[in-house]
*Asks:* 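First, the structure itself, so that you have it in front of you.
Atoms within a ligand are numbered from 1 in the order they appear, just like the ligands themselves. This one's a predicted model, so the numbers in the text were calculated from it and none came from an experiment.
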Amino acid sequence: MGAWTATWLFPAICRPCGDPGMRDMDLCPACYRELPRNACACLRCAEPLPARGLLCGRCLRDPPAFDSVCAPWLYAPPLDWLIQELKFGGRIASGRLLGQLLARRLQRRTPAVDLVVPMPLHDARLRERGFNQATELARPVATSLGLPLDCTSLIRVRPTARQAGLPLARRAGNVRRAFAVRRPLDGLRLAVVDDVLTTASTARSVATALKEAGAARVEIWAVARAGRDGGPRAPGHHTHAHAADGGSG
Ligand SMILES: [Zn+2]
Ligand SMILES: [Zn+2]
């Protein structure tokens with residue numbers, strides 16, 4: 001089925017407001033412009049900061065192994081509930097929209113990357129959830145940018161407690177040595193795709209593992225950046241604030 005037919009059968013409808021979406025995307029131009037921007041953030045890890053052009057205290061004290069972070073928006077409506085619909089509700093169409101949004105931002109700067117790698121889930125979590133939300137985001141990103149997607153080289157070897165449920169001080173320990181790389185990555189430039197970045201502890205751990213396997217450069221691409229005290233909430237606190245329910249479900 002061609003793209004034209006698919007668009008004709010399923011016209012794009014803006015998920016937050018129900019207006020017609022942009023071409024092939026379930027978001028209208030007005031809602032796109034209103035997405036909560038992460039405009040003022042640490043130059044290295046994209047943590048929201050009160051002023052521009054700075055590094056956060058943690059990056060100054062303990063520079064991360066990743067080279068840069070692209071996290072264009074904040075973990076706030078409508079992105080928070082779109083991410084929760086994907087992650088906890090299994091709504092793959094939300095993942096497609098979020099991936100398209102991320103790709104749209106990345107296209108502006110033609111990233112110098114050889115491989116796109118989804119942030120892996122541990123096998124136990126993958127069986128429980130049935131899919132990896134990061135793969136659902138990474139697929140449209142890789143397709144849009146014309147980059148290969150690698151879902152097998154990086155694995156999560158240790159199941160970890162959900163970061164959002166842990167006190168800040170325990171999060172770094174929770175993900176230390178949680179990842180393994182299954183082949184040499186000598187000289188490769190990698191982008192690791194995730195849904196939301198909270199403390200960057202997971203991203204730090206992943207980047208360390210990839211660099212140890214020989215990666216020349218590691219970027220982290222996430223749809224949203226949460227402040228240190230705000231991560232994805234557990235389902236049940238899920239509110240559709242700001243959402244007029246697009247009615248496509
Ligand atoms: Zn809209
Ligand atoms: Zn930082």
*Asks:* Can a salt bridge be assigned to the pair Glu47 and Arg58 using a cut-off of 4.0 Å between side-chain N and carboxylate O?
*Replies:*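 Here Glu47 does not pair with Arg58 in a salt bridge, since their nearest N and O are not under 4.0 Å apart.
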
*Asks:* To the closest 0.5 Å, what do you measure between CZ (Arg104) and CG (Leu106)?
*Replies:* 12.5 Å

*Asks:* Listing residue and atom name, which protein N/O/S atoms are closer to the Zn ion (ligand 2) than 2.8 Å?
*Replies:* Cys42 SG, Cys45 SG, Cys56 SG, Cys59 SG

*Asks:* Atom SG of Cys70 and atom CG of Leu102: how far apart are they, to the nearest 0.5 Å?
*Replies:* 5.5 Å

*Asks:* Measure the spacing between OG1 of Thr143 and CZ of Arg96 and express it to the nearest 0.5 Å.
*Replies:* 10.5 Å

*Asks:* Rounded to the nearest 0.5 Å, what separates atom CG in Leu74 from atom SG in Cys40?
*Replies:*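 Going from CG on Leu74 over to SG on Cys40, the span is 10.0 Å.
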
*Asks:* Considering residues at least two apart in sequence or located in another chain, which fulfil the side chain to side chain donor-acceptor pair (under 3.5 Å) criterion with Asp186?
*Replies:* none

*Asks:* Keeping waters out of it, list the protein N, O or S atoms under 2.8 Å from the Zn ion (ligand 1).
*Replies:* Cys14 SG, Cys17 SG, Cys28 SG, Cys31 SG

*Asks:* Of all residues at least two apart in sequence or in a different chain, which pass the salt bridge (Lys or Arg N to Asp or Glu O under 4.0 Å) check with Arg139?
*Replies:*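 With neighbours one apart ignored, the set is Glu136.
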
*Asks:* State whether Asp150 and Arg182 are salt-bridged, where the test is any N-O pair (Lys NZ or Arg NE/NH1/NH2 against Asp/Glu carboxylate O) under 4.0 Å.
*Replies:*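 A salt bridge is absent here (no side-chain N lies under 4.0 Å from a carboxylate O).
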
*Asks:* Nearest 0.5 Å please: distance from the CD1 atom of Ile155 over to the CG atom of Leu121.
*Replies:*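 Taking CD1 in Ile155 and CG in Leu121, the distance rounds to 12.5 Å.
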
